[in-house]
Amino acid sequence: MSVKISDIDSYCFSEVEGHWQRQWLERGAFRASTGENKPKYYVLEMFPYPSGKIHIGHVRNYTIGDIVARYRTACGFAVLHPIGWDAFGLPAENAALKQGVHPKDWTYSNIETMKKQQQALGLSYDWEREFATCDEQYYGFQQKIFLALYHNGLVCRKEAEVNWDPVDHCVLANEQVIDGCGWRSGALVEKRTLFQWFLRITEFVDELLSEIDNLDGWPDKVKIMQRNWIGRSEGCSITFKTNTQEDVEVFSTRPDTIFGATFLAISPDHPMVQKLAKTNEEIAKFVEEFRKGSVAQEVLDKQEKTGVYTGINVYHPFTNRELPVYVANFVLMNYGTGAVFATPAHDRRDFEFAQKYNLPVERVVASSDGSNELPYVNDGVLVNSDFLNGLKVEEAKNVIIQRLCDIGCGKRRVFFKLMDWGVSRQRYWGCPIPMVHCVKCGIVPLEEKDLPVYLPYDVTFDRPGNPLDSHPTWKHTQCPMCGAAAVRETDTLDTFFDSSWYFLRFCVNDHTNNNLLENGDVAHWMCVDQYIGGVEHAILHLLYARFFSKALTKCGFVNVSEPFANLFTQGMVSSPTYRKENGDWLFPEEVRRNAVGEHEVVATGEKVFVGGMEKMSKSKKNIVDPDEIIKKYGADTLRLFIVSDTPPERDFPWSDEGLEGCWRFINRIWRLFVHAKSCQVGAGNCGDGAVILLANCGDEAVVQLYKNFQRTIKNVTEALEEKTMNRVVAYLRDGVNSMYLQLDKMEIHRGIFSLIIRDLIRLMAPIVPHICEEAWRMLGFEGLVYNNTWPSYEKEYVRVSIIDFPIQVNGKLRGTIDIAPDEDEEKIFERALAVPAVQNIVSGKVIKKKIFVRGKILNFVL
RNA sequence: GCCCGUGUGGCGGAAUGGUAGACGCUACAGACUUAAAAUCUGUUGUCCUUAAGGAUGUGUGGGUUCGAGUCCCUUCACGGGCACCA
């Protein structure tokens with residue numbers, strides 16, 4: 001006898017989830033294997049920084065990845081789904097300073113905590129491949145990569161400007177400079193030039209740019225951002241003769257405006273200015289002022305344009321007119337040639353500068369809309385420009401460049417915004433750079449046999465600067481070339497270096513394999529079929545990873561041109577914020593609604609200001625702790641909720657009510673399974689095929705239920721392919737709802753219900769795997785649902801036998817009629833005209849046209 | 001400033017150019033219960049109407065089309081990225 005659905009106890013997830021998590025591990029369910037004759041599929045979520053605890057954004061990221069991994073497994077792929085830790089970096093050192101913990105201990109203890117949290121989510125990771133970038137194995141091999149890059153000419157050492165904190169004696173990242181001051185010391189940050197290590201990413205600039213076009217599986221948004229970052233611009237360089245010995249070379253993308261040039265502007269960092277500064281006090285002072293400013297962008301932005309006349313003039317190549325040369329703070333040395341010719345009439349910056357210093361403004365492009373406003377930067381026809389007059393901008397560019405080439409003072413040039421990647425960090429907690437400084441031999445790379453250079457554990461953070469520098473012994477070594485005493489490089493590598501190749505390391509299961517990039521595993525698994533992460537990595541990480549694939553291919557480690565075939569960028573998780581009148585943030589539990597429905601502080605009754613949905617952050621006190629949710633509702637509920645309702649690429653507004661709704665749904669399916677068991681629905685009654693069962697059924701509603709469920713399978717599968725998980729959940733709910741409407745028939749038609757429920761479990765398993773494993777076992781099915789196949793559907797059942805067919809008059813809906821899909825056209829017209837609402841409008845009028853689209857619509861045009 | 005993206009009920013959001021609002025949340029009602037909770041079943045864009053029914057409706061204004069949330073142009077608002085890049 002079947003049980004009453006309302007009598008079924010609520011789902012006891014705490015026992016079930018732990019049980020299946022252990023089962024998966026014990027059975028090695030998630031171990032990636034290369035042996036089977038299956039197509040491979042590599043799913044990867046961007047590996048986390050071990051900051052302490054998993055946050056809800058991680059949960060979203062991992063859940064999406066896990067659903068993809070489990071779905072692909074069910075579809076018959078051999079899936080690689082690994083996880084690791086991006087474990088070097090500044091926060092560990094900050095923790096050392098604040099709490100007196102060693103960065104290494106802090107990091108590994110965080111990893112332990114977070115790993116437990118991931119396991120509590122039931123994620124299908126192959127834990128045997130786990131590693132942290134601060135593992136000696138990992139960074140040791142990374143040093144080998146660094147040497148290979150060095151020997152292939154992809155590493156160089158140059159001077160570069162950095163933010164220098166004069167109190168802490170350290171280099172600051174741009175984000176650590178706040179209003180021109182160091183974030184920790186509060187000291188005024190200086191610009192300093194230091195010798196640093198660079199990776200020559202610009203070597204690959206053409207491929208990095210052009211191959212973006214091949215990344216069909218990437219969001220357009222990310223591709224556009226990368227293109228802009230690389231920033232290709234075409235133009236020409238022009239050499240101006242000066243009234244001194246030296247010529248000046250400028251770069252311009254608007255050489256067509258050269259007849260409007262009224263002065264030249266050169267960067268304070270330009271070699272010519274450096275020289276002038278030695279004899280000219282005014283220039284020297286200007287350069288010094290310029291140097292003082294931070295290199296942080298936000299400071300630069302607010303800066304007014306200023307400059308100093310150099311006393312030098314140049315000669316216009318065509319008019320021979322003399323133009324003054326200014327040192328100007330708005331000209332960058334690291335782009336183009338560090339000098340520009342200025343045409344104030346057609347460039348905003350030049351215009352601003354000319355206004356300030358009273359320099360002439362001369363129009364050479366007529367506006368296409370007839371306005372006289374300057375500066376005018378759009379297309380138009382050239383005027384006052386000698387042989388260019390009458391030409392459009394693009395034509396004029398070509399003519400002038402040709403002319404400049406002919407007279408020998410111009411060249412067609414292409415410049416990029418992308419610059420070489422500085423990887424030196426004056427920090428302890430990072431990968432040591434395997435180089436030494438020898439007094440005799442200069443800079444010498446270590447030999448492979450001397451690797452790895454271990455990071456010493458016994459360091460202190462009690463004095464400013466890099467602990468590696470102040471370590472008593474570590475940096476002292478011998479020169480690999482001459483054997484004399486030498487000093488190790490004490491800079492460590494940027495952590496973006498660590499994350500630029502970790503996806504290759506995952507391909508190899510053997511941690512002791514020293515040739516890990518040379519065996520067949522990388523070739524087997526690469527490229528990553530689905531990469532998932534936050535859009536905040538759209539530029540740097542993804543660009544560096546692309547560069548590494550190309551660079552390591554050049555070095556002969558791998559043969560991968562693009563690492564990520566498909567990229568998915570998920571949105572942030574946000575939640576409501578509350579503040580007191582004085583601006584202090586409040587935790588949600590500190591707020592309640594009073595009798596009038598207004599928000600107030602629980603303790604004091606103060607008025608509360610409800611903010612909008614904002615990205616979860618500790619400071620705004622609007623974070624949700626995944627642990628607490630799992631404790632209260634279980635991992636399945638959390639997983640379900642985090643992909644419900646909102647498409648994964650959009651920002652996700654957290655709501656406690658929505659979470660509660662998912663918990664109700666989990667119980668709803670649980671009651672369905674328990675009820676099913678009591679009706680003897682399950683493995684034992686799946687024997688007869690659907691065709692026989694349907695033929696003998698005799699209950700149209702049940703037959704329809706089965707057929708509709710075929711549609712559910714189709715919809716869920718299609719939505720999963722598109723990664724619109726919110727739709728997946730909607731279709732699943734819909735399927736469950738229709739089953740509830742036929743609950744009382746389950747016992748009689750247990751055969752048909754067995755087929756439906758079996759497929760329902762398989763459909764839901766990627767999202768809520770624990771409850772599905774439990775139901776799978778409870779209903780007598782063999783093995784793990786994880787290893788089961790993805791359900792297929794019968795195409796003929798998906799076709800609906802009766803359509804609720806819409807009838808329009810003049811494009812306006814006037815009624816519907818029930819028809820068979822292949823109903824005769826004339827008959828449909830007849831029946832459509834019989835619809836009262838249609839009749840009322842049509843009667844007495846002439847039907848000019850009938851638009852009939854089979855399966856879609858009928859429209860009478862009057 | 002430049003480049004993207006997004007605007008649909010009270011809310012999150014569905015909708016190959018073809019019945020707008022699937023599914024969920026909220027709210028309301030009915031059943032069950034001594035009662036409440038839970039559960040099950042409904043209703044829920046707005047306006048008019050006792051009702052049947054009608055009108056209206058996807059940020060704004062226009063266009064293409066038999067038919068537009070969807071395509072094109074205009075404009076506004078919000079969000080994101082880049083930003084002295086010559």
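Each chain gets a letter, A, B and so on, in the order its sequence line appears, and its residues count up from 1. Side chains included, hydrogens not; waters and symmetry mates left out as well; all remaining heavy atoms used.
- Of all nucleotides present, none satisfies the Watson-Crick or G-U wobble test against B:A36 with each distance under 3.5 Å.
- Taking 4.0 Å as the cut-off between side-chain N and carboxylate O, A:E352 and A:R348 do not count as a salt-bridged pair.
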Sugar-phosphate or base contact per nucleotide [nucleotides 8-14 of chain B; S, B, -; heavy atom under 4.0 Å] = ----BSS
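- Remark: B:G79 base-pairs with B:C4; criterion is Watson-Crick or G-U wobble with both hydrogen-bond distances under 3.5 Å.
- The residue A:G661 sits close only to the backbone: its heavy atoms come under 4.0 Å of sugar-phosphate atoms, none of a base.
- The list of side-chain hydrogen bond (donor to acceptor under 3.5 Å, both in side chains) pairs with a residue in residues 662-677 of chain A, not counting sequence neighbours, reads A:R668-A:N737.
- Contact check for A:D734 versus A:N708: no side-chain heavy atoms found under the 4.5 Å cut-off.
- Remark: A:R60 engages no residue in a salt bridge (Lys or Arg N to Asp or Glu O under 4.0 Å) (not counting sequence neighbours).
- One can place CG of A:N378 at 14 Å from P of B:G1, the figure rounded to the nearest angstrom.
- Nucleotide B:C84 holds its C1' atom 15 Å from the CZ atom of A:F251, rounded to whole Å.
- The base-pairing partner of B:G21, taking Watson-Crick or G-U wobble contacts with both distances under 3.5 Å, does not exist among the strands shown.
- Remark: the backbone N or O of A:S617 is paired with a side-chain donor or acceptor of A:N622 at under 3.5 angstrom.
- Within the structure, salt bridge (charged side-chain N to carboxylate O under 4.0 Å, His left out) contacts touching residues 247-262 of chain A (residues at least two apart or in different chains) are A:K241-A:D247, A:E249-A:R413, A:R254-A:D256.
- A salt bridge between A:D213 and A:R227 is present, with a side-chain N of the basic residue lying under 4.0 Å from a carboxylate O of the acidic one.
- Under the side chain to side chain donor-acceptor pair (under 3.5 Å) criterion, A:R232 pairs with A:E234, not counting sequence neighbours.
- Phosphate contact (OP1/OP2 of B:U56, side-chain N/O of A:K812, threshold under 4.0 Å): present.
- Between A:K221 atom NZ and B:G79 atom P the separation is 15 Å, expressed in whole Å.
- When Watson-Crick and G-U wobble pairs are counted only if both distances are under 3.5 Å, B:G9 pairs with no nucleotide at all.
- Using a 4.0 Å heavy-atom distance criterion, A:S233 is classed as a sugar-phosphate-only contact.
- A:E536 is linked by a salt bridge (Lys or Arg N to Asp or Glu O under 4.0 Å) to nothing, counting only residues two or more places apart in sequence or in another chain.
- Across all strands shown, B:U46 pairs with B:A55; the Watson-Crick or G-U wobble distances both stay below 3.5 Å.
- Atom-to-atom, CE of A:M725 to P of B:A22 comes out at 23 Å; the value is rounded to the nearest Å.
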Under 3.5 Å donor-acceptor pairs involving side-chain atoms of residues 804-814 of chain A, not counting sequence neighbours:
{"unit_1": "A:D804", "atom_1": "OD1", "unit_2": "A:T816", "atom_2": "OG1", "d": "2.9"}
{"unit_1": "A:N810", "atom_1": "OD1", "unit_2": "A:L862", "atom_2": "N", "d": "2.9"}

Set out, line by line, the N/O atom pairs under 3.5 Å between protein and nucleotides 65-75 of chain B.
{"unit_1": "B:C66", "atom_1": "O2'", "unit_2": "A:N859", "atom_2": "ND2", "d": "3.2"}
{"unit_1": "B:C66", "atom_1": "O2", "unit_2": "A:N859", "atom_2": "ND2", "d": "2.6"}

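- One C1' atom belongs to B:G1, the other to B:G17, and the distance between them is 37 Å to the nearest Å.
- Annotation: B:G63 and B:U70 have their C1' atoms spaced 15 Å apart (nearest Å).
- Rounded to a whole Å, the CG atom of A:N228 is 13 Å from the C1' atom of B:G80.
- Looking at heavy-atom distances under 4.0 Å, A:R814 makes contact with sugar-phosphate atoms alone, never a base.
- Atoms CD (A:E536) and C1' (B:C82) sit 17 Å apart, rounded to a whole Å.
- Taking A:D206 as the reference, nothing meets the side chain to side chain donor-acceptor pair (under 3.5 Å) condition, with sequence neighbours excluded.
- For A:W654, the ring-ring contact (aromatic ring centres under 6.0 Å, His included) partners two or more places apart in sequence, or in a different chain, are A:F641.
- Syn is the classification of B:G9, since its glycosidic angle stays within 90° of 0.
- Between A:M225 and A:G336, the one whose closest nucleotide on RNA chain B sits nearer the 5' end is A:M225.
- Base engagement by A:V331 is indicated by at least one non-hydrogen atom pair under 4.0 Å involving a base atom.
- At whole-Å resolution of the value, CD1 in A:I224 and C1' in B:G80 are 12 Å apart.
- A:K707 meets the salt bridge (Lys or Arg N to Asp or Glu O under 4.0 Å) test with no other residue; sequence neighbours excluded.
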ask   = Can you give one letter per nucleotide of nucleotides 27-53 of chain B, going 5' to 3': B for a protein heavy atom under 4.0 Å from the base, S for sugar-phosphate only, - for none?
value = ------------SSSS-----------
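- Taking atom CD1 of A:I642 as the reference point, atom C1' of B:G24 lies 15 Å away to the nearest angstrom.
- The residue among A:A730 and A:E657 whose nearest nucleotide of RNA chain B lies closer to the 5′ end is A:A730.
- Look at B:U70: it lacks any Watson-Crick or wobble partner with both distances under 3.5 angstrom.
- Looking at heavy-atom distances under 4.0 Å, A:K850 makes no contact with the nucleic acid at all.
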